[in-house]
Amino acid sequence: MSSLIEFAQTAESIAATSKRTTKALLLGEYFNKLVDEDLITGARFFAGYIFPLRDQRTINIGGAALLTAITTIANIEKSKYQERLVKLGDPGDVAFEVLSDNLKSSELASTLSLGNLFSKLEQLAGVSGTKSKTSLVTELLRIATPLEAKYIVKLLAGDLRIGLKEGAVEDALARLFKVPVAKVQWVNMLTGDIGETAILARHHRLEQAKMRLFHPIKFMLASPADDLTEVTKQMPQGFAVEDKYDGIRAQVHIGGGKRQDSLHGTVINDCRVALFSRTLDEITWTFTDLIEPLAQLISDDTDNGLILDGEIVPIRGAKILPFQELQKRLGRKQVKQELIEEVPVAFIAYDILYANNSVLIEEPLKERRTILDSLRLDTEKVKRGLHKQFDDISGLDAEFAAARARGNEGLMVKDLNSTYKPGRRGKEWLKIKRAIATLDVVITAAEVGTGKRARFLSDYTFAVRQSETEPTLLNIGKAYSGLTDAEVTEISNWCRAHTIQELEHGRVCIVEPKLVLEVTFDRVQPSSRHNSGFALRFPRILRIRTDKPVEEIDTLETVQSLAETTHVNEINVPPNLEAAQEIFKNIISNLDKNQHIVIMHDSDADGVTAGVILQKILQRTGFVQVTRIIPDRERNAWAPSNRDKIKATAPDYLFVLDLGCQSEPVIPGIPTCFIDHHRPEGTPPNSTLITAYTWAPIPNTSLIVYSLCTAITDATDLDWIAAIGTISDLGEKAPFEMLAVTKTKYTAKYLKEATTLINASRRAADYNPEISAKVLLTHNSPRDIVNSTTPEVEQLRSAREQVKVEMEKARKAAPTFAGLVALIRINSPCQIHPLIAQSWRTRLPKYIVIVANEGYLPGKVNFSARTDSGINILDFLRNVGLPEGEGSYGHGHDFASGGSLPITRFYELLSKLGFDPPQPPLISGE
DNA sequence: GGTGTCTGCCCC
DNA sequence: ATTCTGC
DNA sequence: GCAGAATGGGCAGACACC
């Protein structure tokens, strides 16, 4: 039996060097002296565990219980302990110090052995109740020498802090027993126990370890990449792009009923199913609603097992729920049926590690994906992760935006040639998240660190101002991450010099609120943790802003605007094109060919092309009465003037294209179908919504309409019309096959020029988009339009010239800034504000660009808002807090919106955005 | 029974 | 989770 | 490039205390 003191002494000498090879050597020498039983324990302890990884037991002892135990034995005040802890930064070091000062403990002889300690720790895990646990710890520490106590405390605190973890133990074992380190890692992964691995290595039995179903293996992890060039550099051979889901990483084991040898999982219909979390904890019972759907993946007559890697995601219908919803299901003793219904989940599989009796982790991702694709992964509860293969990064920005629009965090980019490397965080998997915004905040308090940061005030609480006018500071988060050691030292010294008040024995210092930091984060969420009512998810510091005075830090209003308080409401939407086509077919087959069908569509190229395609197809399939209507310049189907227009036609059935969807009926009593790609805000009764808002990537409306029509008849002769809408809305590089096909068929040049012409009519001062519709209806190709000499096309040409002239004038307008917003004011009868906004968005990527046009409609301001900042404009505008009233704004896309408001209301909006005071309206013609 | 504190190789 | 640092 | 260390927020459970 080896003594604990030897373990402690070895740990001391390992801690004394920073050289990894020396550490491994010292550890090897120690291991060499141990008998098998002690080697198991010693290896586990040095890896920082008490129990093997796959063991589900926990100790449930932390800093508070250790404080009680140590102060009892050393017979000191709690405050003395806390003072020491503040100074030393490690409860183990404190134990050593105070017990050395204690006569009884310092004179003890070492009696504890490794095995001895382990059985006491097992006992500790076995009892329940803080009191009994604390008294067990107290008795244990009472018979320990100061040095032994130091390491017992470190083990209980969960961290040895000697610059060595499990990986280094593997390394030491490999060196000692002269076997390849990869082999040791492999066996450790399979066994899930570094202790058992050590024994197998010593007795040259590493080959015996086999991958077994229902024994989880470690997960392959990804490295962060914020720069797409890294993708090009790392994966020149091609890569896969997948959504990064915000859920819980899970490994699913599914096996035939004959395998009854395992403790993990549960058997259903002769099939065993188990789920494991990233820390290899079994979470089968947390997600009981997934068991049966997963079991279905295996046909009853086979005994073949499966291991899948994926993510458990909270999802209702097509809508992905916030991660916090999912957390409500975690760590529960029992997950009740109500909770299962309140937070439905699905398992989204994106990798396969075992199938057909063979281990697949040595196969390249490309192969594994092919095998995964052969499974039936298409139910409500078990899905296949989105996966596309690329050769270059040109489409990645669009993929990223689409992933975000689906409610996911970002993208995963994976090397198609890479094998699955358990437990590794390599560059073969990259995660792309992109911070959404930054905040300038001021440090209000600093806390001393632990471990090597014990000498510094290394953790900073920071605040924002209540408002521009109210200087009260409200805390919003804490961080140290992102600072270099030098910066931590610098800020620490500054905080010491500017401390106003010390709390908790100097652990917390309230400091003068003067030092400004720029921080970033993944998301702002409502929270009771800080007095601002908000907290940051994954906060980190970008830089110290010594250039910025406290008066200029961000305000609570900014924070509110960044908070994700709104969600796409519970609207039933088709999850993909196939589902949408089914719905559309159904609608068409239920309509009578003699009914009056009315189509109201938007006036831009996307809307007009969508309307024309639908009109042509309806007529082609035998409908005799089809009317198209274009809304007035407000482009709002719910505006009274437009409603009147529709009513006047006395429709039997109404299609509303590219104009959004709200919960109020357009014409009460008239059945309506909305076809759209904006964020839906509700659905009226007696209506159908076909929206692509949740699809990936999001197509434009003319493309949706075209694709729907192909489901009922041949429409290929209208492909160029759809392409014009797509180019107008999404650009000529939009990631759709149809676009590429039409570009070769009609040439990109003609398509582009036709698009400009079709768009010109609604931008010109004498708003008349019906001309564009007429041109589309009377021509047969984009080339036909471009070369046409009809009066309508001539009209479009002169409209285009007019827009060009107006654009030249408006380009000279300079932005003014307030908070997150860059405002450009123009005065033009033409609808050029969206074009101007588009041109500024890339030049001001950190701002929300708002281009306000005061000359478009008399008495009104029409504005376009665009951003590349990642801030969701729909949420932003909704959170500005403009009271209800005349006009409308804040509909559309996450990063492209706008509105039309009476002048006074627009000025009210401006002042809420921080522009003050609003200037008088510009004189027309200026 | 309500509230506050501590804990989790928790989950991210 | 994120980030920096020493090997 | 990797492993180690030090740090964030939110949730449920278990208990202590009132």
Side-chain angles (χ1 to χ4, degrees), chain A residues 17-23 44 47-65 67 89 128-134 155 157-168 170-171 221 223-224 234 245-250 277-281 283 286 311-312 322-335 339 409 423-427 431 433 435 447 449-454 456 458-461 476-488 519-530 534-542:
Chain A
T17 173
S18 63
K19 301 230 179 333
R20 296 217 285 238
T21 43
T22 314
K23 284 176 194 281
R44 281 180 196 158
Y49 316 139
I50 291 170
F51 300 116
L53 194 48
R54 61 154 194 274
D55 200 309
Q56 308 296 312
R57 285 177 288 183
T58 58
I59 297 280
N60 277 293
I61 281 291
L67 177 145
S128 72
T130 314
K131 277 187 171 167
S132 18
K133 277 180 192 287
T134 309
L155 275 171
D159 219 341
L160 251 37
R161 273 203 274 239
I162 54 171
L164 175 146
K165 281 198 161 172
E166 191 171 11
E170 289 171 340
D171 189 39
L221 305 170
S223 299
Q234 296 292 339
Y245 300 98
D246 193 6
I248 290 172
R249 187 79 182 270
S277 75
R278 220 186 81 169
T279 45
L280 309 193
D281 288 294
I283 50 172
T286 310
E311 195 92 358
I312 296 169
F323 177 74
Q324 266 163 269
E325 293 296 308
L326 186 56
Q327 270 187 296
K328 290 178 187 160
R329 286 187 62 162
L330 298 178
R332 293 247 185 194
K333 283 223 130 162
Q334 241 197 332
V335 178
L339 191 61
E409 275 190 302
R424 293 304 187 80
R425 188 187 297 280
K427 297 266 184 179
K431 53 178 155 186
K433 288 174 69 163
E447 291 171 35
T450 59
K452 64 181 177 186
R453 290 200 202 287
F456 304 105
S458 68
D459 190 13
Y460 312 107
T461 304
I476 189 176
K478 288 198 331 177
Y480 103 95
S481 186
L483 295 174
T484 63
D485 284 1
E487 287 168 322
V488 170
V519 297
T520 189
F521 44 85
D522 271 28
R523 129 181 353 174
V524 181
Q525 52 205 26
S527 159
S528 58
R529 174 170 290 268
H530 303 291
F534 292 96
L536 309 178
R537 193 186 191 204
F538 309 147
R540 60 260 193 199
I541 298 166
L542 287 181

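The structure displayed is predicted, hence computed values, not measured ones. Chain A is the first sequence line, chain B the second, and so forth, proteins listed ahead of strands; every chain is numbered from 1.
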J.: Excluding sequence neighbours, so at least two apart, what forms side chain to side chain donor-acceptor pair (under 3.5 Å) with A:Q56?
T.: none
J.: Between C1' on D:dG10 and CZ on A:R537, what's the gap in Å once rounded to a whole number?
T.: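 The answer, rounded to whole Å, is 10 Å.
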J.: D:dT7 base to A:S481 side chain: any donor-acceptor pair below 3.5 Å?
T.: no
J.: Look at the side-chain N and O atoms of A:R540 and state whether any lies under 4.0 Å from the OP1 or OP2 oxygen of C:dT3.
T.: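 Yes, because at least one side-chain N or O of A:R540 sits under 4.0 Å from OP1 or OP2 of C:dT3.
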J.: Nearest to the side chain of A:D246, heavy atoms from C-beta on, is which of B:dC12, D:dG8, D:dA6?
T.: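 The listed nucleotide nearest to A:D246's side chain is B:dC12.
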J.: Excluding sequence neighbours, so at least two apart, what forms side-chain contact (heavy atoms from CB on, under 4.5 Å) with A:T461?
T.: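 Here the qualifying residues are A:T444, A:A445, A:E447, A:N475, A:K478.
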J.: Quick check: do A:Q327 and A:L330 have side-chain heavy atoms less than 4.5 Å from each other?
T.: yes
J.: Checking understanding here: a glycosidic angle within 90° of 0 is syn, the rest anti, so what is B:dC9?
T.: syn
J.: Choosing from C:dT2, B:dC11, C:dC7, which nucleotide comes nearest the side chain of A:K431?
T.: C:dT2
J.: Please state how far atom CZ in A:F456 lies from atom C1' in D:dA5, giving the value in whole angstrom units.
T.: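 These atoms are roughly 14 Å apart.
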J.: Could you tell me how far apart A:I541 (CD1) and D:dG8 (C1') are, to the nearest whole angstrom?
T.: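 Those two atoms, CD1 and C1', are 11 Å apart.
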J.: Encode nucleotides 11-18 of chain D as B, S and - characters from 5' to 3', where the letter depends on protein heavy atoms closer than 4.0 Å: B to the base, S only to sugar-phosphate, - to neither.
T.: SSSSSS--
J.: Tell me, which stems hold DNA chain B, with a stem being 3 or more Watson-Crick or G-U pairs in a row and both distances under 3.5 Å?
T.: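 Result, WC/G-U stems under 3.5 Å: B:1-8 with D:11-18, B:10-12 with D:8-10.
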J.: Can you find a side chain N or O atom of A:K452 that sits less than 4.0 Å from OP1 or OP2 on D:dA5?
T.: no
J.: Can A:D171 and A:K165 be counted as an ion pair, charged N to O under 4.0 angstrom?
T.: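 Not counted as a salt bridge, because no side-chain N and carboxylate O are separated by less than 4.0 Å.
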J.: Taking atom C1' in both D:dC15 and B:dC9, compute the distance separating them and give it to the nearest angstrom.
T.: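 Roughly 23 Å separates the two C1' atoms.
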J.: Checking base pairs now: Watson-Crick or wobble, both atom distances under 3.5 Å. What partners D:dA3?
T.: C:dT5
J.: Does A:R20 have any side chain to side chain donor-acceptor pair (under 3.5 Å) partners at least two apart in sequence or in another chain, and if so, which?
T.: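 So A:R20 forms no side chain to side chain donor-acceptor pair (under 3.5 Å) with any residue.
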J.: Which residues pass the salt bridge (charged side-chain N to carboxylate O under 4.0 Å, His left out) test with A:R424, sequence neighbours left out?
T.: none
J.: It should be established whether A:S277 places a side-chain nitrogen or oxygen under 4.0 Å from OP1 or OP2 of nucleotide B:dC11.
T.: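 Looking at the OP1 and OP2 atoms of B:dC11, one of them is under 4.0 Å from a side-chain N or O of A:S277.
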J.: Checking A:R329 now: which residues fulfil side chain to side chain donor-acceptor pair (under 3.5 Å) with it, not counting sequence neighbours?
T.: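 A:R329: side chain to side chain donor-acceptor pair (under 3.5 Å) contacts with A:D289.
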J.: Does A:T484 put a side-chain nitrogen or oxygen below 4.0 Å from OP1 or OP2 of C:dT3?
T.: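 It does not, given that no N or O in the side chain of A:T484 lies less than 4.0 Å from OP1 or OP2 of C:dT3.
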J.: Between atom CZ in A:F323 and atom P in B:dC10, what is the gap in whole Å?
T.: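 Interatomic distance, CZ of A:F323 to P of B:dC10: 13 Å.
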J.: What does the list of N/O pairs under 3.5 Å between the protein and nucleotides 1-3 of chain D look like, with a distance for each?
T.:
none

J.: So which protein nitrogen or oxygen atoms get under 3.5 Å of nucleotides 5-9 of chain B's nitrogens or oxygens?
T.:
unit_1, atom_1, unit_2, atom_2, d
B:dT7, OP1, A:G62, N, 3.0
B:dT7, OP1, A:G62, O, 3.1
B:dT7, OP1, A:G63, N, 3.2
B:dT7, OP1, A:A64, N, 3.0
B:dT7, OP1, A:A65, N, 3.3
B:dT7, OP2, A:G63, N, 3.3
B:dT7, OP2, A:A64, N, 3.4
B:dG8, OP1, A:I61, N, 3.4
B:dG8, OP1, A:I61, O, 3.1
B:dC9, N4, A:Y49, OH, 2.2

J.: If I take atom CZ in residue A:F521 and atom P in nucleotide C:dT3, what distance separates them, rounded to the nearest angstrom?
T.: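 Atom CZ in A:F521 sits about 13 Å away from atom P in C:dT3.
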J.: Applying side-chain contact (heavy atoms from CB on, under 4.5 Å), name anything that partners A:Y49, two or more places apart in sequence or on another chain.
T.: A:A47, A:L53, A:E166
J.: Please state how far atom CG in A:D485 lies from atom P in D:dA5, giving the value in whole angstrom units.
T.: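 It is 14 Å, rounded to the nearest whole Å.
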J.: Starting from C1' on B:dC12, measure out to CD on A:Q525 and report it in whole angstrom.
T.: 10 Å
J.: Please report, rounded to the nearest Å, how far the C1' atom of C:dT3 is from the CG atom of A:D459.
T.: 13 Å
J.: For A:R57 and A:D55: C-alpha separation, side-chain torsions, deciding distance, then whether salt bridge (charged side-chain N to carboxylate O under 4.0 Å, His left out) applies.
T.: CA-CA 6 Å; A:R57 285 177 288 183; A:D55 200 309; 2.9 Å; yes
J.: Could you go through the salt bridge (charged side-chain N to carboxylate O under 4.0 Å, His left out) check for A:D485 and A:K452 one step at a time?
T.: CA-CA 11 Å; A:D485 284 1; A:K452 64 181 177 186; 5.4 Å; no
J.: Do you know the tightest heavy-atom contact between A:F538 and A:D522?
T.: CD1-OD2, 3.3 Å
J.: Would you indicate, yes or no, if D:dA5 has its OP1 or OP2 atom less than 4.0 angstrom from a side-chain nitrogen or oxygen of A:T450?
T.: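 Checking A:T450 against D:dA5: no side-chain N or O falls below 4.0 Å of OP1 or OP2.
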J.: Please name all residues satisfying side-chain contact (heavy atoms from CB on, under 4.5 Å) with A:D246, sequence neighbours left out, ordered by chain then number.
T.: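 Once residues adjacent in sequence are excluded, the partners of A:D246 under the side-chain contact (heavy atoms from CB on, under 4.5 Å) criterion are A:F323, A:E409, A:R523, A:R537.
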J.: Closest-nucleotide mapping onto DNA chain D: is A:S528 or A:L160 further toward the 5' terminus? I mean the 5' end.
T.: A:L160
J.: Could you pull out all residues at least two apart from A:S277 that satisfy side-chain contact (heavy atoms from CB on, under 4.5 Å)?
T.: A:T279, A:D281, A:I283
J.: On DNA chain C, compare the nucleotides closest to A:S18 and A:F538; which residue's is nearer the 5' end?
T.: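 Closer to the 5' end of DNA chain C: A:F538.
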J.: Say whether, by atom type as modelled, one donor and one acceptor occur between the side chain of A:K427 and the main chain of A:S223 under 3.5 angstrom.
T.: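 The answer is no, because no donor-acceptor pair under 3.5 Å joins these two groups.
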J.: Of the non-hydrogen atoms in A:I312 and A:A250, which two are nearest, and what is the gap between them?
T.: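 Heavy-atom minimum between the residues: CD1-CB, 3.6 Å.
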J.: Choose from B:dC12, D:dA6, C:dC4 the nucleotide whose nearest atom is closest to any side-chain atom of A:R453.
T.: D:dA6
